[in-house]
Each structure stands twice: as structure tokens, then as C-alpha cells.
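The structure appears right after this line, and notes come after that.
These figures come from a predicted structure and were not determined experimentally. Labels below follow one simple rule: chain letters A, B, ... track the order of the sequence lines, proteins then strands, and each chain is numbered from 1. As a basis for the values below, the full set of heavy atoms in this structure was taken, side chains included, without hydrogen atoms, waters or symmetry mates.
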Amino acid sequence: MNKLKILNEIMEHIKDGQTIMFGGFLGVGTAEKIVDAIVEKGVKDLTIICNDTGFVDKGVGKLVVNKQVKKVITSHIGTNPETGRQMNAGEIEVELVPQGTLAERIRAYGAGLGGVLTPTGLGTVVAEGKQVIEIDGKNYLLEKPLKADVAILKGSKVDKKGNIWYSKTTRNFNPIMAMSADVVIVEAEELVEVGEIEPENVATPHIFVDYILKGGEV
Amino acid sequence: MNKLKILNEIMEHIKDGQTIMFGGFLGVGTAEKIVDAIVEKGVKDLTIICNDTGFVDKGVGKLVVNKQVKKVITSHIGTNPETGRQMNAGEIEVELVPQGTLAERIRAYGAGLGGVLTPTGLGTVVAEGKQVIEIDGKNYLLEKPLKADVAILKGSKVDKKGNIWYSKTTRNFNPIMAMSADVVIVEAEELVEVGEIEPENVATPHIFVDYILKGGEV
Amino acid sequence: MIDKSLVREIIAKRVAKEFKDGDVVNLGIGLPTEVANYIDKDVEVILQSENGFIGLGPTPKEGEENKDLVNAGGKFVTILNGGACFDSAMSFAIIRGGHVDATVLGALQVDEEGNLANWMIPGKMVPGMGGAMDLVVGAKKVIVAMEHTAKGAPKILKRCTLPLTAAKEVNLIVTEMGVIEVTPNGLVLKEIAPDTTVEEVKAATEAELTISPDLKVMEI
Amino acid sequence: MIDKSLVREIIAKRVAKEFKDGDVVNLGIGLPTEVANYIDKDVEVILQSENGFIGLGPTPKEGEENKDLVNAGGKFVTILNGGACFDSAMSFAIIRGGHVDATVLGALQVDEEGNLANWMIPGKMVPGMGGAMDLVVGAKKVIVAMEHTAKGAPKILKRCTLPLTAAKEVNLIVTEMGVIEVTPNGLVLKEIAPDTTVEEVKAATEAELTISPDLKVMEI
């Protein structure tokens, strides 16, 4: 199986109306080349799932600025004023999720769990409309799993089978998103030979990865 | 903070009646020197949490053979006939848990979650007496978190701060048990200087580890 | 009647044909493990071992064992180039999350609804379920690989009488007598072993068997 | 009245005294980040950064930034020898699971019950909660570090009026005027800034304040 694709081949998998997860934390660990290509392709009505909406000129923020996003499920929009502006203008729907809950909801889908039982958000607006379950005298919010049509990851080192190693703080949401989408695409900052990443140091096993884009440094 | 201790100091933390988690899968990734020391100390009425009860002469099986275990929470006892014999004789209580559920219950405690919602065990004896929760038309068993007084890990490389790297299949339950016990002790096959394990390749961050035993190869 | 000594080989060979290139497969202990020996060289199957890795390779030569590297049965194995190791939570996230394309397990009993019993005989043998319950619930395709009968008694029943491993999760049953698919309308005999008659299969099966209109001879 | 330019430094210095050797601490963006500058050299505090690592070190020199290494505010930072990186699920397992000894955050409002509001002003500013809700629920000790008032208006209220970040989770409030503990019986003024009177603190606080019988002068 050859997972290595050129950008045009990768973009065939990106379509109007999809739900797409993007790894990254304020743009660190986000596949910028693929984001740029999505901006260029101009697909619309996307639902994006991401830690934050980055900046107007960095990370997934560029998709928001280009008005390609119908809904965003995220923990923070404060660094991209355009998201807030569109939200206030009724142009984009924003579902704000506590960061730990966001991570666990994504993991839950990938791990085949029915939901997440978390104390986070109890007594706040986050709890509104959600089921509260009492377990041994303590209350927990039932938060539902999150999945996507496509997950777009950024790997610092990716081998030709698709095993991924993430440098420093680029890991963030990438490994859990790898588990929770129908199609998983990774942009490789450095493409390496199979075997160059020791089995113990693989952070995302290759079985999760469908396609690899040789990205290079941005 | 000096976490490095000699065996006698480690054993001060092991007491009658405790609940102890042991990493390892059929003895691979189990801290044999500490198990041997517990056998020698002869503490009683332990509840142990472990993937399996190993063999009569390997892994936690030695504790069973020495009749130090009151209860075991595990996924498999088939390789240690003494566990089955004691169970049938009413000398030990055995709670059998599907392996994935066992892992997730341990992780849940460490991760501050109220429980696990899993499809595993539905329609089987595992579901007896447990709450079933329907989420979007599908049923899930509510399984409760597991914690311990002490977790005993085996690390292939451990730095002097307590960061752990596990070789090959020795990882298994060790990293999740590190998160879910009041006192966490690691037996280091190889003790290395701080910095020798790259930050990205640490499988158990040092903040989980209380004490380190320089173990050497068994 | 098939030569008894070939029974395991026949079953393993036939199961091996179920996989396609790129499949992630978990093979149970015993007979299912032997399936690995018969996978077509042109088909890359990634073997998952529930104790925590993908890329399970063949048994090492004597003297080349790595004490840290065993399969879920505790036997020394190897890891292929490009393999990856992980902890038990990740291993079962892979299993329960539907990332395993097929799991092959033995059975004590299997029935018309696709119920499976393979983990205990009350009062007699209680080894525990290990990872079997998660595998059967989580894998996309559940293949039971077993001898058709046990000491002449059918193992494919109308209803399992032993405690279940999982309810309604089995997709395919491969024995030395044939290949049986579990469908919403019950069990369908799709393939039959050479020199075996439908009547012989029916006689060795307690469950109701529908015979596929295009019944094939099992390729082995 | 305290010199305005010193206010942040006073608060950060006082918060820094809350930590003991070996504590795992998460510092919020802004004023809380400055606390790191005042931790006693004999006290080893391990800083956790919710974007995925422990061992947060000081800002790198210009030209030595690593594009892959930022804090939760997106600023370039360093990682100390012996640090460890992980993904967001693990980062918040650490946070929610009670493995963080203390978290320091700013507040828009905090009240007598220990309720905290620091993530939105409806119709005006809705940046999102980021990791704050998990941190406040999960950390063993929640320290609010903030200026006592906002444009003269009290921020320590009888009841928060803004949407909460978490209910009843705050343990300690440190301002330039004093140190207030949240107890089951309400807010207790434990320490007071030099040259400040109890009456001044009360006047700047909407919430009911109990004055500790052994009220101390804030060490700064």
C-alpha cells in the first residue's frame, strides 16, 4: 500500500459540508500546507473540530476568515477575532467545549466508548441540556463522542508506512484525532524511512493513517 | 527530591490489606524484584489489580501461591492454576474483568472520569448488576473507575526524576496504573541520567512516580 | 471424512483467505495463531497483539528471543520493521474502536444468532475472558475458527448453553467441514469441504443451516 | 494605597509562596505566568502546560526559539531537562485527575462560595473556556490571582453574575490588598497588605469577609 500522495490527490478527499478535525494548538501542530490548499480549493459549509481557531493568518483560522466554516466545535476562539465577529453576526455557529472534554470526546469515539463522564462543566452553561449521571454519590456530565469525516494531522517525522512522531508541543490533539475520523491524512514535516522511528517511540501507529503528504517545513 | 530508594525503604510502603496494582502481561513488564520482596515480607490480605495472575513462579502469581492475596481483579487466571484452585476452594475472591474494560477503568480513575461507558460485556455475565445507559439508541455498560493504594511498575529505562520508557511489550498496564494509585513505585531495569530519555519519548512522566528502585535485569 | 491431522491446517488455510491488503487482524491463541502461516505473500496483513503492539512477526530463532517481546499468549515473538508499541489502554482503544478489521478466535460454542461462548465452563474451567470480549465486540469482522464438533458433539448450536463471550457478534464460522455465514436469517452454509456432503454437515450441526444457492467447494 | 505599578508584582510574589517542593503547578496566561519568576530557588516546582508538557522553562533568548515549543498562550518557551511531552488527552487526564497540585488563574469575578467566572462576558467577550474549566475542577488547589477591583468596582462578590467557569472550586484569592481563603463558612481574610486597613479591604469587597483572628501582614 502506497499512502504517499501529492497535494492534488489529498484534496480529492476534501468536500463541501464535511466535518473535519484539525490537530494543532494555536497553529502549532497544524498542517498548514493542507489548510492553505483547502483555502485555495474553497470548499464550503465545513464543520471543523479543533482546539482553537488559531489566528487570522495561521492554522485553521484561515478557513474561518475565508468563510468556509459553517460550524466550529472548539475550546477557544479568542485569538482569532474573525471567529467572534462571525459568531456575533450569526454567520458561524460556535460550540464551545472545555479543552479536556473536547480531547476526551474525540478519544471516546476512537476508542469505541459511548461517552465521557466528566465533572468539568457541572454548574456552568456547559451542562445545559446534558444528562447528569450520579456515580457513587458524585455527579458527572455525560458528554458524547465526536467523530469526523476527515482528520488532518501534522507529523514532525512520519515514516512511509504512516507511523508518526511529534516534536515538542506539536502533538496536542493530533494522536486522538487520528483515531476518530473515516479518512486520516498526515502532513509530514520530515518523511523518513520505515524503521527510523523506534516502535516504542511511535505516537500514532500507522494503522490509523490513510494518506501522507510530504510537507516539508512551513 | 530524591526518589531513589533501596528495597527496604520501598517495602515500608507495602502493608497488610492494601490494594496494589501491578503492571505486566504474563509477567512481562512486572517488577519481579519487588514482587519477590513482597513475598519475603509476607504481607497479607492484599487486593491485587493486574492483567493476569502470571505463573506460579513468575509475576504476581508468586503472591497468589504464597496466599497473600484476598482478592484479585484481573482479566485472566488461566496460566496460574493455583488461582483457580484457591477460587474453587473459596480461599480467594476473583473478579474477572474484560481486558479492555480493566485498562479503561484504571485510566478513568487516573484521568478524573466518573466511569467508563463500554459496549463490551453487554449480554454476558459481566453485565450482571451493572447499570446500562442508552446513548443515541445504543446501549453501554457503566463500569466504575479503579484505584489502588500502591502501583508497582516496571520500567525498562527510568531516569532519576522518574520518567519512564518501556521496551517492546513491557509497557502494557504500567502507564495507566502510574496514574491511579496513591503511591507509585517503579523498578528500573536500567537507571539513566535525567535527559537521557527524550521528552517526546517519555511514556510515563515523572510527576506520577514517587519512588524508584534500581532493579537491574532479572 | 477428512484426515484428522489436516483439520487444523485446512481451517487455518481457509481463514487466511478472508484478509485483504492492509487489513489489521488479531489472531487468538492456538489454532487462530496458525492462520498467519498461510496468508498470501501479496497480501500485507498487519497483525495486532492485544498485549500492546502492531506488526507481530514470526517466532524468533532459538537464542534470539527478546525477553521483553511476547504475544498475548506469552510466547516469544518478533516485531516487523515499521511496527509500533503502545499501552493496554491504546491497544483496546484500537480493538474496541473498530480499528481491527478482523479477529479470529476459537469457540466452545457458537449459535444461530452469532452468539459466542469461548471463555468459561462453569465449575470446570474459568480462565477468564482476557481480551476476547473486547475483540468480539470491537472487531469489524469476527471469524470463529474451530473444529466442527467436539468429541462428536456439535459446537454450532441453536442457542449457546455456556456463558457468552458476546451476543450476536460472530460473522463467519470456518471449520474443516465448511464455511458458514451468520446472517439476519440465521446460518448459511456458503462453502463445503471437498468430499463432504451437505447431509454430513447438517448431521454435525445442531443449528438450522440454510444452504447457499451457490454453495461452493471450500478452497484449501 | 499601593503603587499601581507594583500591584502585579506583589500578587505574583505572594502566590509564589504557596508552593512546596515537588508541586506540579499550572499557571494561567497573563499575571499568573509571572508567578514563575518569584518561586524560591530551593523549591522545585514542576510547571505543567496544558498544551502538552511538563517542565516548562523560561522564555528562550531571541533567535533561540523552537517553532514547535510554545506555552498554552502560544508564546515561545523552553522545556527543562527531564521534562516530558504528551498529547491533549493525557494533558487533561493529568489536570482533571488531580495530578496538578495547584492552578493559578485570573478572574473576572469570584464569590463567597468559591464560584469563579473568568471565561466570558455575554454579548461582549466570548473567547471560550480553553482549559480553564478542567483546571479549576481538577487541580487540588485553585488560586485566583487578580487585582482586587476592576476600575474601582469589586470583583469579589456575594454571588457571581457572569457565567461560571466552575462552581465552588476556588480555594484561595490573592490580590494586592490581601490573601483570602474560601472556607465552608465563607471568605476569610488571612493576610493583609502592608499599609492597608481592614476597612479598606472591606470597602473594596462586595462579599462578606470574616477577619482571621490571627490576621497577618502579607509578606511580599
Side-chain angles (χ1 to χ4, degrees), chain A residues 29 98-101 103-105 107-122 130-147 155-157 163-172 174-176 189-190 196-205, chain B residues 29 98-101 103-105 107-122 130-147 155-157 163-172 174-176 189-190 196-205:
Chain A
Q99 202 167 117
T101 301
E104 210 60 33
R105 288 176 68 188
R107 178 182 184 274
Y109 182 85
L113 301 172
V116 179
L117 295 162
T118 178
T120 303
L122 283 172
K130 288 175 189 153
Q131 200 177 338
V132 174
I133 292 180
E134 188 185 318
I135 299 167
D136 293 339
K138 286 183 71 177
N139 283 335
Y140 297 90
L141 268 190
L142 173 59
E143 295 271 12
K144 292 188 184 172
L146 278 175
K147 70 151 291 190
S156 303
K157 285 185 193 178
N163 287 308
I164 311 178
W165 182 90
Y166 305 95
S167 162
K168 303 290 185 289
T169 57
T170 64
R171 192 172 334 183
N172 53 71
N174 283 296
I176 47 177
E189 183 157 317
E190 187 188 350
E196 282 192 43
I197 308 172
E198 272 194 275
E200 292 91 341
N201 299 339
V202 169
T204 295
Chain B
Q99 203 167 119
T101 301
E104 211 60 33
R105 289 175 67 188
R107 179 182 183 274
Y109 182 85
L113 301 172
V116 179
L117 295 163
T118 178
T120 302
L122 284 172
K130 287 174 188 155
Q131 199 176 339
V132 174
I133 293 179
E134 188 185 318
I135 300 167
D136 292 339
K138 285 183 69 177
N139 283 335
Y140 297 90
L141 268 191
L142 173 59
E143 295 271 11
K144 293 187 184 173
L146 278 175
K147 69 151 290 189
S156 303
K157 285 185 192 179
N163 287 309
I164 311 178
W165 183 90
Y166 304 95
S167 162
K168 303 289 185 285
T169 57
T170 64
R171 193 173 331 184
N172 54 69
N174 284 296
I176 47 177
E189 183 158 316
E190 187 188 351
E196 282 191 43
I197 308 172
E198 272 194 277
E200 291 91 342
N201 299 339
V202 169
T204 295

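- Of the atoms belonging to A:Leu141, not a single heavy atom falls under 4.5 Å from chain B.
- Of all the listed residues (A:Val202, A:Asn139, A:Asn201, A:Leu142), the one sharing the greatest number of non-hydrogen pairs under 4.5 Å with chain B is A:Asn201.
- Heavy atoms of A:Ser167 lying under 4.5 Å from chain B belong to its backbone as well as its side chain.
- For the pair A:Glu200 and B:Tyr166, the tightest heavy-atom approach, listed with the atom from each and the gap, is CG-O, 3.2 Å.
- Contacts of A:Lys144 with chain B are made by side-chain atoms alone, with heavy-atom separations under 4.5 Å and no backbone atom involved.
- Shown here are the salt bridge (charged side-chain N to carboxylate O under 4.0 Å, His left out) partners of B:Lys138, two or more places apart in sequence or in another chain: there are none.
- The two atoms that bring B:Leu113 and A:Val116 nearest to each other are CD2-CG1, 3.8 Å, heavy atoms only.
- For the pair A:Gly112 and B:Pro119, the tightest heavy-atom approach, listed with the atom from each and the gap, is O-CD, 3.3 Å.
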